[in-house]
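Structure record follows, encoded as structure tokens.
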Amino acid sequence: MHDDGTGLTPLRGRARDAIAAAWVRAVAAGTLPPAPTGTDLPPVEVERPANPEHGDLATGLAMKLARPYRMPPLRIAEALAAELAREAGAPGSPIASAAVAPPGFLNLRLSDAALEGLVAGVLASPGAWGRVAAPTPRRVNVEFVSANPTGPLHIGNARGAFVGDLLCRVLEAAGHEVTREYYFNDFGAQVRNLGASVVAIRRGTEIPDDGYRGAYVHDLAAEIPGDVWAAAEAAGGDASGAVAADDGGAGGRDAAWLVGAWASERVRAGIEASLATLGVRFDVWKSEGSLYREGWVERAVARLRESGHLFEEDGALWFRSTDYGDDKDRVVRKSNGDFTYFGSDIGYVVEKFGRGFDELVYIWGADHHGTVARLRNAAAAMGFDREAVQMLLIAWVRFVRDGVEVSMSKRAGEFITLDELLAEIGVDAARWFFAARGHTSGIDFDIELAKRQSNENPVYYVQYAHARIASILRKARDAGLEPAAGVAPGSLAAATPEGALARALARLPEVVEDAAAARETQGVTAFATDLATQFHAFYRDARVVDPAEPERSRSRLALVRATQVTLARALGLLGISAPASM
RNA sequence: GCGCCCGUAGCUCAGUGGAUAGAGCGUCAGGUUGCGGACCUGAAGGUCGUGGGUUCGAGUCCCGCCGGGCGCGCCA
């Protein structure tokens, strides 16, 4: 990674390159020995020291080289520092100085020119700031939510929706091509079950024991279009009795089936609308039925058979998942001829890779962890790269209202819908809440507490900084002052308010890289909070709009404007609005 | 029983093997005649569940134990 001339190249990457080059030169100069053969050498890693006195960037490379080189780490660090010092200050070098510190750290200072160039780059191309070029761009399919359309989304679905969308935004910013995908069951027993419930209500008969009961089911019953109902009545069928548990959707097209098909599509459209209010939109809505109609399941079965990992037993068709370390084999097609969910899933894998994706990401609830191994194993058995099939298991949110757990059951009709949650706490606060937490930790979400504390959500702190900057820029314009194209040379010294703010905002691309690599977004919220804090501190210490000092004002306005752009980009990564006033 | 995840400040949670473990909220004490007080400064508050191990270095990696969640169907 060398500077591309826009000024937007991540400084951390440039520093990494400079250290790697210094290493090569030190070997050439003889101050470091050639790499020992047969030893794995550590990669060059650069971090931001927690203590600013240690510099802007640091590497522990010398300590990691001590063993293979059989040299004291301080001596290695000194050899690297000497090479870095040789080119420090040269045009184009991001490094101003390098210092060693026990037990072997190599601490770096960024050059003024690199920081100044970066601020100018942000102002010149704000739309490109925060987008990084992936070393190997990938086409990624991210499948998430995928709740069956048998009822409205409830707040238990919220976390997956937000985590999935956040991941997509981060992957896109990191240079990957992302498709957002929603997979839904459109013909199985549950859809039929929904239909039976709606039919029962319409007829005034009793709802089946395992039917659906929420208010929305009654709404559906009242809204059945005339032609659908006429067809259902003509088809007949006993919809009041229990649906055969293992019917698997293979039953006839009776009233329950016909009404269920209509109702589930109606519910699906409602889900799509709810997700849109969250700022979550999907590129592809994929129905399970289409995987069969288009032959993908049969193709998957054929691939497994060719690879020799399929067998028949007790009249069923099995995938020998134990060949890949699973603890048991898995049924693909039941003895009654119906495929299992697993059968649909492997067909879907073939279909997705057929569309040219490099990676398939699944965002599942934690209760699905038992199905991870079998699907990855099947992908491997079908000749795909097991590593290209990845599952993110989202830990449960335990919803609580004033200390009492709120149960979520679609069939019992007991749940808080997503729409209700958002009406209570707002999309921006909800997005921040989930973005700031790792997806593997369980969360207690007290709705009353969230309502009470929504004004104290850090999201408003960040938005406030953005709005405050907008106000400053308005005030400056009224005073006849516009931001300069960049900051004044020499104005970003480390110990100054300007220097601290510039160093904070410069991290954005690194934050994007790290978030995409880790598939986590907490780094983005932490970054946004830190940048807002740095801005408020700067605002306290440095007067921005001062008609008596127009040049200094224009320089500071440039830095403030770059900060605003960075805050807006970070909020955009989170799908959160960046208001000009609030 | 086996498998996966979790255990960090009073609460909710961060913490790519690095230097003195952080943030928000809560508690306590302060600050603005200069551009938005939804702001700022400071204080108190921690055996990182526990015991070993690896490492120059462990909240982070490995093993055991304790506690909690989830899963272990020809269900969906």
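Note that the coordinates shown come from a computational prediction; the quantities given were computed from them, not determined experimentally.
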**OP:** Establish, with yes or no, whether the OP1 or OP2 oxygen of B:rC56 is under 4.0 angstrom from a side-chain nitrogen or oxygen of A:K64.
**Re:** no
**OP:** Using atom CH2 of A:W396 as one end and atom C1' of B:rG7 as the other, report the distance to the nearest whole Å.
**Re:** 20 Å
Original post:
Does the side chain of A:N185 pick up a donor-acceptor pair with the side chain of A:Q190 at under 3.5 Å?
Top reply: no
**OP:** Scan A:H536 against the nucleic acid and name what it touches under 4.0 Å (heavy atoms): base, sugar-phosphate only, or nothing.
**Re:** sugar-phosphate
Subject >> Between B:rG15 and B:rU60 - P atom distance, rounded Å >> reply: 14 Å
**OP:** Looking at every strand, decide which applies to A:N107 at a 4.0 Å heavy-atom threshold: base, sugar-phosphate, or nothing.
**Re:** base
Original post:
Is A:E47 touching bases, backbone alone, or none of the nucleic acid, heavy atoms closer than 4.0 Å?
Top reply: base
Original post:
Which is true for A:V511 with a 4.0 Å heavy-atom rule: it touches a base, it touches only sugar-phosphate, or it touches nothing?
Top reply: nothing
**OP:** Let me see the working for A:F535 and A:H466 under ring pair (Phe, Tyr, Trp, His ring centres under 6.0 Å), right down to the final yes or no.
**Re:** CA-CA 9 Å; A:F535 168 72; A:H466 183 273; over 10 Å; no
Subject >> Base-paired stems in RNA chain B, each at least three Watson-Crick or G-U pairs under 3.5 Å >> reply: B:1-7 with B:66-72, B:10-13 with B:22-25, B:27-31 with B:39-43, B:49-53 with B:61-65
**OP:** Can you check each nucleotide of nucleotides 29-38 of chain B against protein heavy atoms at under 4.0 Å and return B for base, S for sugar-phosphate only, - for none, in 5' to 3' order?
**Re:** -----BBBSB
Original post:
NA contact type, A:G438, heavy-atom cut-off 4.0 Å: base, sugar-phosphate, or nothing?
Top reply: sugar-phosphate
Original post:
How would you label the contact of A:N185 with the nucleic acid (heavy atoms, under 4.0 Å): base, sugar-phosphate, or nothing?
Top reply: sugar-phosphate
Subject >> With A:W364 via ring-ring contact (aromatic ring centres under 6.0 Å, His included) - residues at least two apart >> reply: A:Y362, A:H368
**OP:** Looking at every strand, decide which applies to A:D514 at a 4.0 Å heavy-atom threshold: base, sugar-phosphate, or nothing.
**Re:** nothing
Original post:
So does A:K328 get a side-chain nitrogen or oxygen closer than 4.0 Å to the phosphate oxygens (OP1/OP2) of B:rG73?
Top reply: yes
Subject >> ring pair (Phe, Tyr, Trp, His ring centres under 6.0 Å) evaluation trace for A:F339 with A:Y292 >> reply: CA-CA 10 Å; A:F339 283 94; A:Y292 292 92; 5.6 Å; yes
